[in-house]
Asker: 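Have a look at the structure that comes next, please.
Reminder, nothing fancy here: chain letters follow the sequence lines and each chain counts from 1.
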There are 2 protein chains.
Amino acid sequence: MLSDRQQLILNAIVDNYIHSAEPVGSRTISKREDIGFSSATIRNEMSDLEELGYLEQPHTSAGRVPSTKGYRFYVDNLIQPQLLNEAELGKLKQLFAERILHSEQVVEYTAQILSQLTNYTAIVLGPEIFEHRLKHIQIVPLNETQAVAIVVTHTGRVENKLIDLPEGIGASEIERLVNLLNAKLTDVPLWQLRQRVYQEISGEMRRYAEQYEEMLKVLDKSLTQEEERVYLRGATKIMNQPEFRDVDKVKDILELLEQNDQLLHLIGMPGDGLTVRIGQENQLDAIKQCSIITTSYSLGGKPVGMVGILGPTRMEYGKVITVLNYLAEGLSRMLTSQFEK
Amino acid sequence: MLSDRQQLILNAIVDNYIHSAEPVGSRTISKREDIGFSSATIRNEMSDLEELGYLEQPHTSAGRVPSTKGYRFYVDNLIQPQLLNEAELGKLKQLFAERILHSEQVVEYTAQILSQLTNYTAIVLGPEIFEHRLKHIQIVPLNETQAVAIVVTHTGRVENKLIDLPEGIGASEIERLVNLLNAKLTDVPLWQLRQRVYQEISGEMRRYAEQYEEMLKVLDKSLTQEEERVYLRGATKIMNQPEFRDVDKVKDILELLEQNDQLLHLIGMPGDGLTVRIGQENQLDAIKQCSIITTSYSLGGKPVGMVGILGPTRMEYGKVITVLNYLAEGLSRMLTSQFEK
DNA sequence: GTTAGCACTCATACCTAACGAGTGCTAAAT
DNA sequence: ATTTAGCACTCGTTAGGTATGAGTGCTAAC
């Protein structure tokens, strides 16, 4: 375990490096107000910290830089919660004051503001719709073979899907089906829909005609649609970081961020609380020099989505964590209140 | 006007530069198979071409590089239509073979394929819905104060908007309104909707109650929604270009591309045919070292959307133009056939 | 245990010289 | 009148060599 002084010094080094982006030397630390030792003492401690794996030296005559282990210790033990200033708080409150918005849009704005506030890249995973309850279902035929199935949830989310109609089905039959579905399935949570369709409806429907068998398959398809929506904002912010002035490094990262499915991996699954993945701890090579902080937001106590920040390992962990917590909480409150109406 | 030989040489220089990205010297040109002159002769011609403004010299002891004017002449007069190879054609045909897709999704894939095929950045503007005819309209109340208005067009496009309900309006009244709307407005082109609502419906509605006045405003709002959808793919491709190995240059461009409204400016309005904007000809500083080639695709003869490519001024104009034309035509055919059903 | 002092390391900046790609001009060849 | 060979000249790029200084590690004194 690290001594108090070692912790003090490690903290000072990480802190300094986060703001300067330059390897920090013993003299710099000894000059800090909160440190009362000479550079020689610091040097000795630094040497020890390096031996223990908390610091690294780019080359012999340079200062020290925190290692992944160093950041990890910093995040787990040293970090102090940071308060937001007026302007920042204002922006956040403004977001949650918006009223006439789909929950989806709120999430989109959240990503925007998250990125603006932190100057890092924001990744937000839209709320999973499992918990949402069916408000209305509609099937609109376009021609003899195609129709659009539309599902509206009680929070105002609208999903739609183009479907192929079974041959020989008529408008009136579709209408009958839609009425039946609305009568039986309103207020059923989406995650139960498939099951309920089979349990309650299929029996009744089978009476009508064998086309319904086909129809059922189609319905099933349109109900299980569950597109993952990830919002990415401020992807270019990484280029403001001095350690990413190299096109090749940046390219790998941005190419990664261009792929939606990779974003899903990065952001993780709802349910994990605040998670910090630092540098080497990341699986993907492209972001081994980055850190990702994520947390989930919830709806009625159940986690349904994620908000996250991607930045350099040399990230302002304190601030980012504060902002993320604040936003996740706000989002949760907002969604929950919408949910309970 | 340029002599035949000058044109031949200019063509050779642009061609060479496009593939090498290095200033091209007189010897390089004289060694080409299609050129039968010594380097000295080429030098003299180059000197003339520079004086005329078609070429530029980065510095005295370097070769020549085409100026914007040079590229312009190349594009307008020298370029030869390029044929696509098997693999490329295959990919394009595959796209248009897909059947069960919203037109919106086809457009999205188009951007993807465009970028893959050219190795440049693709920008595609989704089809404007003016021409689309109303198939179905639905208003789903969520609670006492809010509802979702849904508009389905006959091509299967679904628009939805969260709206505030006027106070005191009941579910049955909404239903009556929706029925009225569907009865009167089906098959009306979207661009006429607002007008028709006022002309035909408002009179009848006014009879019911004064709430409808409020309701009308809301409807109007939800019908005029017309979100511009721009699809951007392969934004990072620009980093493959040797002249964009500099983070600062790339940053400006990518930041521009992050802003949806700016993308709209870049891509232009449907209606313009094939347009090439080269380097300095672009308004925005960030892309004065880039060229943009756009063309529109249409629906039933009327232009409704745009496809475009953003690349370095040193772009493979011939190939890009071929691909764009091919895709725009294919898209038009596909949309039109869907439209006519 | 702490600190002052000092030799040592090594990335960076700066300078200079050599190199060579490419030009422009002139004079000879066609 | 063109075209071309020849050659001096320009200037960006590269390589080598040195000075600089930030920072270390070690030792000896406090």
Asker: Specify the separation, in whole Å, of atom CD of B:E50 and atom P of C:dC25.
Answerer: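 The answer, rounded to whole Å, is 12 Å.
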Asker: If you check every side-chain atom of B:Q57, which of C:dG24, D:dG21, D:dT3 has the closest atom?
Answerer: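 When the side chain of B:Q57 is considered, C:dG24 is the closest of C:dG24, D:dG21, D:dT3.
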Asker: Taking atom CD of A:Q241 as the centre, does the number of heavy atoms from other residues, nucleotides or ligands within less than 6.0 Å exceed 12?
Answerer: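 Counting neighbours around CD of A:Q241, more than 12 heavy atoms of other residues, nucleotides or ligands fall under 6.0 Å, so yes.
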Asker: Strictly below 4.0 Å: does B:T60 bring a side-chain N or O up to OP1 or OP2 of D:dC11?
Answerer: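 So the side-chain polar atoms of B:T60 do come within 4.0 Å of the phosphate oxygens OP1 or OP2 of D:dC11, strictly under.
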Asker: Of all the choices, C:dC10, C:dG24, D:dG12, which nucleotide is nearest to the side chain of B:S47 once you look at every atom?
Answerer: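 So the side chain of B:S47 is nearest to C:dG24.
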Asker: Whole-Å distance between C:dG24 P and B:R27 CZ?
Answerer: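 Those two atoms, CZ and P, are 16 Å apart.
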Asker: By nearest atom, which of the nucleotides C:dC10, D:dG12, D:dG25 is closest to the A:R64 side chain?
Answerer: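 Nearest nucleotide to the side chain: D:dG25.
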Asker: With a cut-off of under 6.0 Å to the ring centre and 45° to the axis, is A:K69 in cation-pi contact with A:Y54?
Answerer: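 Yes, A:K69 and A:Y54 form such a contact.
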Asker: Nearest heavy-atom pair of A:E255 and B:T236: which atoms, and what distance?
Answerer: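 Smallest interatomic distance, heavy atoms only, reads CG-OG1, 3.4 Å.
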Asker: May I have the distance from A:I9 (atom CD1) to C:dG1 (atom P), rounded to whole angstrom?
Answerer: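 Whole-Å distance recorded here is 14 Å.
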Asker: Rounded to whole Å, please give me the gap between CG in B:D48 and C1' in D:dT2.
Answerer: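 Value for this atom pair: 13 Å.
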Asker: Whether A:S26 contacts D:dT24 is assessed here as follows: a side-chain N or O lying under 4.0 Å from the phosphate OP1 or OP2. Is that the case?
Answerer: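 For D:dT24, OP1 or OP2 has a side-chain N or O of A:S26 closer than 4.0 Å.
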Asker: Map B:F37 and B:P58 onto DNA chain D by nearest heavy atom, then report which one ends up closer to the 5' terminus.
Answerer: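 The residue mapped nearer the 5' terminus is B:F37.
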Asker: Can you tell me if the side-chain N/O atoms of A:R43 get under 4.0 Å from OP1 or OP2 in C:dT3?
Answerer: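 Result: no.
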Asker: Using only side-chain N and O atoms of B:R5, determine if any of them is under 4.0 Å from OP1 or OP2 of D:dT3.
Answerer: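 Yes, within the criterion.
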Asker: Report the nucleotide, chosen from C:dC10, C:dT2, D:dT4, that has the shortest atom-to-atom distance to any side-chain atom of B:N44.
Answerer: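 For B:N44, the side-chain atoms sit closest to D:dT4.
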Asker: Would you mind checking if A:E108 and A:R233 are paired as a salt bridge, meaning a charged N to carboxylate O distance below 4.0 Å?
Answerer: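 Salt bridge flag = yes for A:E108 with A:R233.
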Asker: If you measure only the distance, is there a donor-acceptor pair under 3.5 Å linking the side chains of A:Y297 and A:T110?
Answerer: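 Note: A:Y297 and A:T110 side chains miss the donor-acceptor criterion.
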Asker: Could you check how far CD of B:E45 sits from P of C:dC25, rounded to whole Å?
Answerer: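 Whole-Å distance recorded here is 15 Å.
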Asker: Quick check on D:dT24: is either OP1 or OP2 less than 4.0 Å from any side-chain nitrogen or oxygen of A:S61?
Answerer: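 No.
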Asker: Mind calculating the distance between CD1 (A:I42) and C1' (D:dA22) to the nearest angstrom?
Answerer: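 My rounded result for the distance is 17 Å.
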Asker: What's the closest nucleotide to the B:A40 side chain, out of D:dG25, D:dA5, C:dT2?
Answerer: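 That would be D:dA5.
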Asker: What's the CG-C1' distance between B:N16 and C:dG22, to the nearest Å?
Answerer: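 After rounding, the gap between these two atoms is 15 Å.
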Asker: For B:Y17 and C:dG22, give me the distance from atom OH to atom P, rounded to whole Å.
Answerer: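 Distance check: B:Y17 OH to C:dG22 P gives 14 Å.
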